[in-house]
Number of protein chains: 2
Amino acid sequence: MTSETIELHKSLPCTQCPLRSVENFRDFEEDELTFVGRFKKGDLAVKKGATLLVEGAHNPHLYTVLSGWGFRYKLLSDGRRQIVNYVMPGDLVGLQGSLTGEMQHSVEALSSMVLCVFEKAELFSLYERFPALAYDITWMASREECMLDENLLTVGRRTALEKVAYLLVFLLDRGRRSGMTQKPVLSITQQHVADTLGISVVHTNKTIAKLAKRRLLEWEDGGCRITDPEALAELAGWSAGKEARRPFL
Amino acid sequence: MTSETIELHKSLPCTQCPLRSVENFRDFEEDELTFVGRFKKGDLAVKKGATLLVEGAHNPHLYTVLSGWGFRYKLLSDGRRQIVNYVMPGDLVGLQGSLTGEMQHSVEALSSMVLCVFEKAELFSLYERFPALAYDITWMASREECMLDENLLTVGRRTALEKVAYLLVFLLDRGRRSGMTQKPVLSITQQHVADTLGISVVHTNKTIAKLAKRRLLEWEDGGCRITDPEALAELAGWSAGKEARRPFL
DNA sequence: CGCAACGTTGAATACCATCAAATCCTGTGG
DNA sequence: CCACAGGATTTGATGGTATTCAACGTTGCG
């Protein structure tokens, strides 16, 4: 936990959870909602650039993203960084650490974020009392696995042009489904793109320039406006899954 | 399911499960074992090279590997292949498809394998009746996530030499912990290594030659003998996790 | 034997990383 | 207001890494 984080004492009750109004998310049963309400310990606000979780740490909490976004990453000893995935509203953060004990990756905020705080120690009682919610958690872990598989395919076997195309439509799709943004704009740095795709910043920049010349996107001060998501998806050889209403905690 | 698979009618009862005698795996409670015994539908034997699960398929089953090993992979439309992870004794196969509905990757046997067959449809009843087992399943999903994160770091940011070093010690470590083999030998093809690490076979071959020249390994007909695992781990900048006795189903 | 799969090697080429430097922008302090 | 610093983006030059193509040796197998 860094100094940029701010604990909010007035936490929003689950009945007024902002995620419940997002089209893409599921409903709760009455009793589930009251249980989750007790499971929730408060809200946490973090500023852009803050490090939420650090590799190697033992954090007693587990989070659900309520707003904003960030990224999960790992470092090599000499500083090489690999961004492993992104977290957006509705996503669980810190589940891996809750189960394995020690965080195996770090998480940093790409924008200001608000997180719903749970107590790791109470996770098992959720499994005991609400198997349907437990099943949902496993579902979310499985969804994460799918994304990681696809990211591996991208980093390992797609060309630089395909990589960038894939990443952008992937993020845009997720951003929309999570209710984070409807505009086709991603506030992201070319360094982040590079560290996600396993290529250098310079080469990332040149690859982006090629896509811009083809009018598939425009890069504007610290962000990317995607003008032709279909063409990017086509180029990447990727099609968005159906993914109907999905669970969250 | 391909023609190379053979259904065994005489399935081993869970009380005699070969995995139970492996040091690294946990024990079951009496009632858990009887439940899992009813959950189990039989054994499945597959030959080396057989495709267990196909991307896009809807398989009604879920498996635990009892012996042998294989790999999970994804394909691009033009045939480029990315091996995403390996499956070894004690690992669940097909969990993702059980939850998401459709398999998002394929699985192929690297050796002859025997699998314990479960019914997807009964998975939720396990969540209802044995929260501890449900928790264990989530733990396994989380462990998979950790491995994928590390693999992404490898493919994205490690050099070719580090990549090969990492993969070999990673596989050797897992092979030993799962009780699959005690010998420092991996029966694997250089094509598999290449498709795991996102590099070409030719370059893989030259990289392996460098490691062999340093006497860290020897490549012998269709397999790899690791002669200096510590040096490889050092080179890869990787240290094996502790991972005490772990669950399985 | 003929064939296929795997491993090995060399040469030419394409791709990407590294280095260096310029531009643009924002925020800060004088 | 300007000067300045820092971050992000852009561009060009250069060298290294990895890919591709091709040829060849080995082994195992129908």
Side-chain angles (χ1 to χ4, degrees), chain A residues 47-50 71 76 78-83 108-111 154-165 167-168 185-214 217-225 235, chain B residues 4 47-50 71 76 78-83 108-111 154-165 167-168 185-213 217-225 235:
Chain A
K47 290 186 189 162
K48 174 173 176 171
F71 59 93
L76 289 174
D78 62 0
R80 280 174 286 176
R81 180 175 74 169
Q82 177 66 38
I83 295 180
E108 184 176 320
L110 270 171
S111 68
T154 299
V155 176
R157 286 306 186 202
R158 286 194 235 251
T159 66
L161 208 65
E162 292 168 344
K163 284 180 188 187
V164 174
L167 178 62
L168 295 179
V185 173
L186 298 166
S187 291
I188 197 178
T189 261
Q190 297 190 359
Q191 184 68 61
H192 291 126
V193 175
D195 285 348
T196 308
L197 300 175
I199 55 181
S200 71
V201 217
V202 176
H203 192 231
T204 299
N205 180 273
K206 291 170 182 170
T207 305
I208 286 172
K210 277 188 194 173
L211 291 172
K213 192 172 292 176
R214 295 196 197 177
L217 59 82
E218 294 163 13
W219 204 273
E220 47 197 26
D221 62 334
C224 173
R225 172 177 301 276
L235 206 164
Chain B
E4 294 94 337
K47 290 186 189 161
K48 175 174 175 170
F71 59 92
L76 288 175
D78 62 359
R80 280 174 286 176
R81 179 175 74 169
Q82 177 66 39
I83 295 180
E108 184 176 321
L110 270 171
S111 68
T154 299
V155 175
R157 287 306 186 200
R158 285 194 235 251
T159 66
L161 209 65
E162 292 168 344
K163 284 180 188 185
V164 174
L167 178 62
L168 296 179
V185 174
L186 298 166
S187 290
I188 197 177
T189 261
Q190 296 190 355
Q191 183 68 62
H192 291 127
V193 175
D195 284 348
T196 307
L197 300 174
I199 55 180
S200 72
V201 216
V202 174
H203 192 229
T204 299
N205 180 274
K206 293 169 182 171
T207 305
I208 286 172
K210 278 188 193 172
L211 291 173
K213 192 172 293 175
L217 59 83
E218 293 163 13
W219 204 272
E220 48 197 24
D221 62 333
C224 172
R225 172 176 301 276
L235 206 162

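Model, not experiment: these values are computed from the prediction.
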> What is the nucleic acid contact for B/I208, judged by heavy atoms within less than 4.0 Å: base, sugar-phosphate only, or nothing?
nothing
> Rounded to whole Å, how long is the line connecting atom CG of B/N205 with atom C1' of D/dG25?
13 Å
> Could you go through the side chain to side chain contact (heavy atoms under 4.5 Å, CB included) check for A/R214 and A/L235 one step at a time?
CA-CA 12 Å; A/R214 295 196 197 177; A/L235 206 164; 3.5 Å; yes
> Do B/H203 and B/L197 make a side-chain contact, defined as non-hydrogen atoms from C-beta onward lying under 4.5 Å apart?
no
> Can you measure A/L197 atom CG to C/dA17 atom P for me and round it to whole angstrom units?
11 Å
> B/W219 and B/I188: which non-hydrogen atoms are nearest, and at how many Å?
CZ2-O, 3.4 Å
> Just checking B/T189: base, sugar-phosphate only, or nothing, at a heavy-atom cut-off of under 4.0 Å?
sugar-phosphate
> Answer yes or no: is there a side-chain heavy-atom contact under 4.5 Å between A/Q82 and B/R158?
no
> Mind calculating the distance between CZ (A/R81) and P (C/dA17) to the nearest angstrom?
15 Å
> CG of B/D195 versus C1' of C/dG7: gap in Å, rounded?
15 Å
> D/dT20 P sits how many Å from B/H203 NE2, rounded?
12 Å
> Can you find a pair of side-chain heavy atoms, one from B/V193 and one from B/T207, that are under 4.5 Å apart?
no
> Could you state the atom-to-atom distance from CD of B/Q191 to C1' of C/dG7 in whole Å?
11 Å
> Let me know the distance between CG of A/L161 and C1' of C/dA14, rounded to the nearest Å.
15 Å
> Out of D/dT19, C/dG7, D/dT11, which has the shortest distance to the side chain of B/I199?
D/dT19
> Just to be sure I understand the rule, does A/G223 reach a base, reach only the sugar-phosphate, or reach nothing, if contact means heavy atoms closer than 4.0 Å?
nothing
> Closest nucleotide of DNA chain D for B/K210 versus for A/V201: which of these residues is on the 5' side?
A/V201
> What contact category does B/A160 fall into here, base, sugar-phosphate, or nothing, at under 4.0 angstrom with non-hydrogen atoms?
sugar-phosphate
> Could you tell me whether the phosphate oxygens of D/dT10, OP1 or OP2, come under 4.0 Å of any side-chain nitrogen or oxygen in A/Q190?
yes
> Just how far, in rounded Å, is P of C/dA5 from CG of B/D221?
18 Å
> 5'-most contact on DNA chain C: B/I188 or B/K206, nearest heavy atom basis?
B/I188
